[in-house]
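This report concerns only the one structure given below.
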Amino acid sequence: MIRDILNRKKIDAQAEALVQHVAKCYPPEMDAGEANSLGQKVNEKKRYAKLEKAIHNSLVSVTETVKEMRLGVYGKARLYKNVQNGLIEKGYNEVVIRVIVEKLVSVT
C-alpha cells in the first residue's frame with residue numbers, strides 16, 4: 001500500500017517533468033502557429049522538427065525512470081493521463097497532445 005502511494009508520487013513527478021520539458025523546448029505558442037519574435041510565421045516543417053526533437057529529448061529521461069520503476073498497466077496509464085492533462089492545461093493543440101502521448105506509449 002505504501003509502495004503504491006510512493007509510486008504514484010513518482011509517476012506524478014515524472015509526468016510533470018515531461019510536461020515542463022516539452023513546454024520549455026516547444027512552447028504552446030509555437031503550437032498555435034503564432035508569429036515568432038521576428039513577426040514571421042514559423043514554417044510547418046520547422047515546427048514539426050522542433051516538436052520531434054523536444055519529444056525525443058523528453059522521452060529519453062522519462063523512459064529510463066519508468067523502466068527503473070517497473071510500472072504495470074495502471075501505473076503507465078496514470079503516467080499517460082497525467083501527461084495528457086498537463087499538456088491540455090498548458091494549452092497545446094489536441095493533435096500535438098496525441099502525438100506526444102502516442103510516442104510515450106510506444107517507448108514505454
Side-chain angles (χ1 to χ4, degrees):
M1 180 77 173
I2 293 176
R3 192 185 97 155
D4 291 339
I5 293 171
L6 294 177
N7 258 352
R8 287 185 208 146
K9 289 181 181 181
K10 289 180 183 178
I11 292 169
D12 295 345
Q14 283 302 312
E16 183 61 31
L18 177 64
V19 170
Q20 292 299 326
H21 190 269
V22 169
K24 184 175 75 171
C25 296
Y26 187 80
E29 295 82 28
M30 285 188 70
D31 177 41
E34 295 177 8
N36 63 10
S37 61
L38 299 176
Q40 302 169 339
K41 289 283 186 181
V42 178
N43 189 347
E44 194 73 27
K45 287 184 179 180
K46 288 182 181 178
R47 282 194 328 191
Y48 185 73
K50 188 159 183 143
L51 174 62
E52 285 291 322
K53 186 177 178 182
I55 292 170
H56 178 72
N57 292 340
S58 301
L59 292 181
V60 169
S61 64
V62 171
T63 54
E64 292 173 3
T65 307
V66 167
K67 287 181 181 179
E68 288 174 8
M69 291 170 53
R70 297 172 48 192
L71 295 178
V73 174
Y74 293 112
K76 289 180 182 179
R78 183 180 181 92
L79 177 69
Y80 305 150
K81 190 64 177 174
N82 285 346
V83 168
Q84 183 179 15
N85 290 340
L87 292 172
I88 289 171
E89 288 175 6
K90 293 282 185 187
Y92 282 96
N93 186 347
E94 185 177 310
V95 175
V96 172
I97 294 171
R98 187 173 52 236
V99 168
I100 293 172
V101 172
E102 285 176 358
K103 294 270 186 186
L104 181 61
V105 168
S106 68
V107 173
T108 59

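We number each residue from 1, following the sequence as shown. When reading the values below, keep in mind they use all heavy atoms of this one structure, side chains included, and skip hydrogens, waters and symmetry mates.
The line from CD of E68 to CD of E64 is 7.0 Å long, rounded to the nearest 0.5 Å. Within the model, atoms CD of Q14 and CG of N7 stand 11.0 Å from one another, a figure rounded to the nearest 0.5 Å. Taken to the nearest 0.5 Å, the CG atom of L79 stands 14.0 Å off from the NZ atom of K10.
Looking at I100 and L59, their side chains never come closer than 4.5 Å, going by heavy atoms from C-beta outward. Residues I88 and I97 meet the side-chain proximity criterion, which asks for heavy atoms closer than 4.5 Å. Taking the side chain as every heavy atom from C-beta outward, V95 and R98 approach each other to under 4.5 Å.
Scanning both residues, L104 and V83, for their nearest heavy atoms gives CD2-CG2, 4.0 Å. When all heavy atoms are compared, the tightest approach of Y92 to V22 is OH-O, 3.5 Å. For the residue pair K76 and L71, the shortest heavy atom distance occurs at CE-O, 3.7 Å. Annotation for S58 and L18: closest pair CB-CD1, 3.1 Å, computed over non-hydrogen atoms.
For D12, the side chain to side chain donor-acceptor pair (under 3.5 Å) partners at least two apart in sequence or on another chain are R78, N82. Looking at residues two or more places apart in sequence or on another chain, you find a side chain to side chain donor-acceptor pair (under 3.5 Å) between K103 and E52.
There is no path of hydrophobic side-chain contacts, each under 4.5 Å, that joins V105 to Y74.
The stretch residues 79-91 participates, sequence neighbours left out, in no salt bridge (Lys or Arg N to Asp or Glu O under 4.0 Å) pair at all.
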